[in-house]
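Worksheet for the structure shown next.
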Amino acid sequence: MHFTSAQRLDDGTLEREFTLGETPGTLWTPESAAPAPLILMAHNNGLPKAAARLVARARHTAAYGYAVASIDAPGCGDRPRSAADEQVRANLRRAMQAGEPADDIFESFIGPLVEKAVPEWRSTLDALLALPEIGGPVGYSGWTAVGIRLAAVEPRIAAAGFFAGGYVPRAQREEARQITVPLLLLLQWDDEGNPRQRALDLFDAFGSKEKTLHANMGGHTGTPWFELEDGERFFDRHLK
């Protein structure tokens, strides 16, 4: 892991950019002498780690005493995109603008993205836990499709908070039955891009004995800010 920049924010949080092989990432660590528990934070469907909503969540979470890390998935953020990736994205935009069914296009895009992203998250986790300022346990927050696969294969994930607003491939819907860690699922009741019943079925499929569903009125980007604070209380119960 190679750190490429560092800045101390107004609240004392240290924000550092890093690279790990071809994977770019950002690490936020609180101003504390003790090793901090770690939360891996991913934006739904591979949006960049620099997305304003993700950065705001990460900074707020770090201020609560957590180390927070995010990476750009393959083909996302500043990472190069293949011609095939660009074609799938164009097909997806066209279908959604026309109001046509897009599940098959999502499946062809998100499924391979999960397969590529999870090994990079695991390598990043290895490198992060080797840093003296980061301890355990480890939580995951954000992109549901990647989070399901990561929690299914990575025993170091102790708790997970998922956002139901992103497309979840069929393979991960089946893998949800393998998830046994405590989880919190956030659902926007009127999400125009995510059928409500599909999210409810996914919640029902999770194998966790402790699982909580928070549903709020509003569309895709309308998640209330207080859910961030509720999420941090959820992680406090399981990571501290």
Side-chain angles (χ1 to χ4, degrees), residues 1-20 22-32 36-81 110 113 117-118 120-121 123-125 127-129 131 133-134 138-147 150 157 159-166 184-186 188 191 193 214 216 218-236 239:
M1 176 174 283
H2 175 63
F3 288 102
T4 58
S5 69
Q7 63 171 328
R8 183 73 65 178
L9 305 178
D10 292 343
D11 61 4
T13 299
L14 180 61
E15 180 183 84
R16 288 174 285 178
E17 300 294 322
F18 67 83
T19 58
L20 183 64
E22 297 180 353
T23 307
T26 307
L27 174 64
W28 296 265
T29 48
E31 192 174 28
S32 171
L38 173 65
I39 294 178
L40 306 177
M41 191 170 286
H43 207 312
N44 273 351
N45 291 349
L47 291 175
K49 63 182 178 62
R53 282 182 291 158
L54 185 145
V55 171
R57 287 197 291 123
R59 292 181 59 172
H60 195 277
T61 303
Y64 264 67
Y66 291 96
V68 182
S70 183
I71 63 173
D72 277 335
C76 301
D78 294 329
R79 300 185 68 175
R81 298 180 182 179
I110 302 299
L113 196 55
V118 167
E120 294 190 349
W121 273 110
S123 296
T124 301
L125 178 56
L128 291 169
L129 290 178
L131 298 174
E133 62 268 36
I134 296 178
V138 180
Y140 174 91
S141 175
W143 184 7
T144 301
V146 161
L150 189 59
I157 302 294
F162 295 145
F163 288 11
L184 172 65
L185 181 68
L186 299 184
Q188 284 302 104
D191 192 332
H214 284 189
N216 291 282
H220 183 72
T221 61
T223 304
W225 185 253
F226 63 73
E227 287 292 1
L228 178 58
E229 296 175 343
D230 285 349
E232 284 157 357
R233 284 191 286 269
F234 165 78
F235 285 118
D236 283 350
L239 302 184

Run the side chain to side chain contact (heavy atoms under 4.5 Å, CB included) test on Asn216 and Phe226 for me, step by step, so that the C-alpha distance in whole Å, both residues' side-chain angles and the decisive distance to 0.1 Å come before the verdict.
CA-CA 11 Å; Asn216 291 282; Phe226 63 73; 3.6 Å; yes

Exercise. Any sub-3.5 Å donor-acceptor pair from Arg16's side-chain atoms to Ala6's backbone N or O?
Worked result: no

Could you tell me whether the side chain of Glu15 and the main chain of Trp28 form a donor-acceptor pair under 3.5 Å? no

CE (Met1) and CG (Leu128) are apart, to the nearest 0.5 Å, by 4.0 Å

Open item on the list: Using side chain to side chain contact (heavy atoms under 4.5 Å, CB included), reason through Thr23 and Ser123 one step at a time and then give a plain yes or no.
Closed with: CA-CA 10 Å; Thr23 307; Ser123 296; over 6 Å; no

Atom CD of Glu22 with >12 non-hydrogen neighbours under 6.0 angstrom
no

Side chain to side chain contact (heavy atoms under 4.5 Å, CB included) between Leu239 and Ile39: does it pass, once the steps are laid out? CA-CA 9 Å; Leu239 302 184; Ile39 294 178; 4.0 Å; yes

Nearest heavy-atom contact between Leu113 and Pro74 is CD1-O, 3.1 Å

Rounded to the nearest 0.5 Å, the CZ atom of Phe234 sits from the NE2 atom of His214 at a distance of 9.5 Å

All heavy atoms of Arg57 vs all of Ser141, minimum pair found to be NH1-OG, 3.4 Å

Checklist entry - Short question: side chain of Ser70, backbone of Met41 - any donor-acceptor pair under 3.5 Å? => result yes

**Message:** Set out, in order, the CA-CA distance, both residues' side-chain angles and the distance that settles side-chain hydrogen bond (donor to acceptor under 3.5 Å, both in side chains) for Glu232 and Thr61, then state yes or no.
**Reply:** CA-CA 7 Å; Glu232 284 157 357; Thr61 303; 3.1 Å; yes

Practice item. Output yes when a side-chain donor or acceptor of Tyr66 lies under 3.5 Å from a complementary backbone atom of Asp236, and no otherwise. Key: yes

- Task: In sequence, state the C-alpha distance, the side-chain angles, and the governing distance for Leu131 and Thr29, and then conclude on side chain to side chain contact (heavy atoms under 4.5 Å, CB included).
- Result: CA-CA 11 Å; Leu131 298 174; Thr29 48; over 6 Å; no

Minimal heavy-atom distance between Ala67 and Ala36, with the atoms involved, is N-CB, 3.8 Å

Value for CG (Leu9) from CZ (Arg59), rounded to nearest 0.5 Å, stands at 4.5 Å

Output for pair (Leu20 CG, His2 NE2), nearest 0.5 Å, gives 11.5 Å

On a heavy-atom basis, the closest approach of Val118 and Val146 is CG2-O, 4.0 Å

**Asked** Is there a donor-acceptor contact under 3.5 Å from the side chain of Asp72 to the main chain of Lys49?
**Response** yes

Is a side-chain N or O of Thr144 found less than 3.5 angstrom from the main chain of Phe163, in a donor-acceptor match? yes

Output for pair (Leu14 CG, Leu27 CG), nearest 0.5 Å, gives 7.5 Å

d(Leu150 CG, Trp143 CH2) to nearest 0.5 Å is 11.5 Å

Note: Ala62 and Pro30 closest approach over all heavy atoms is O-CB, 3.4 Å

In short, Trp121 meets Ala42 closest at the heavy-atom pair CZ2-CB, 3.7 Å

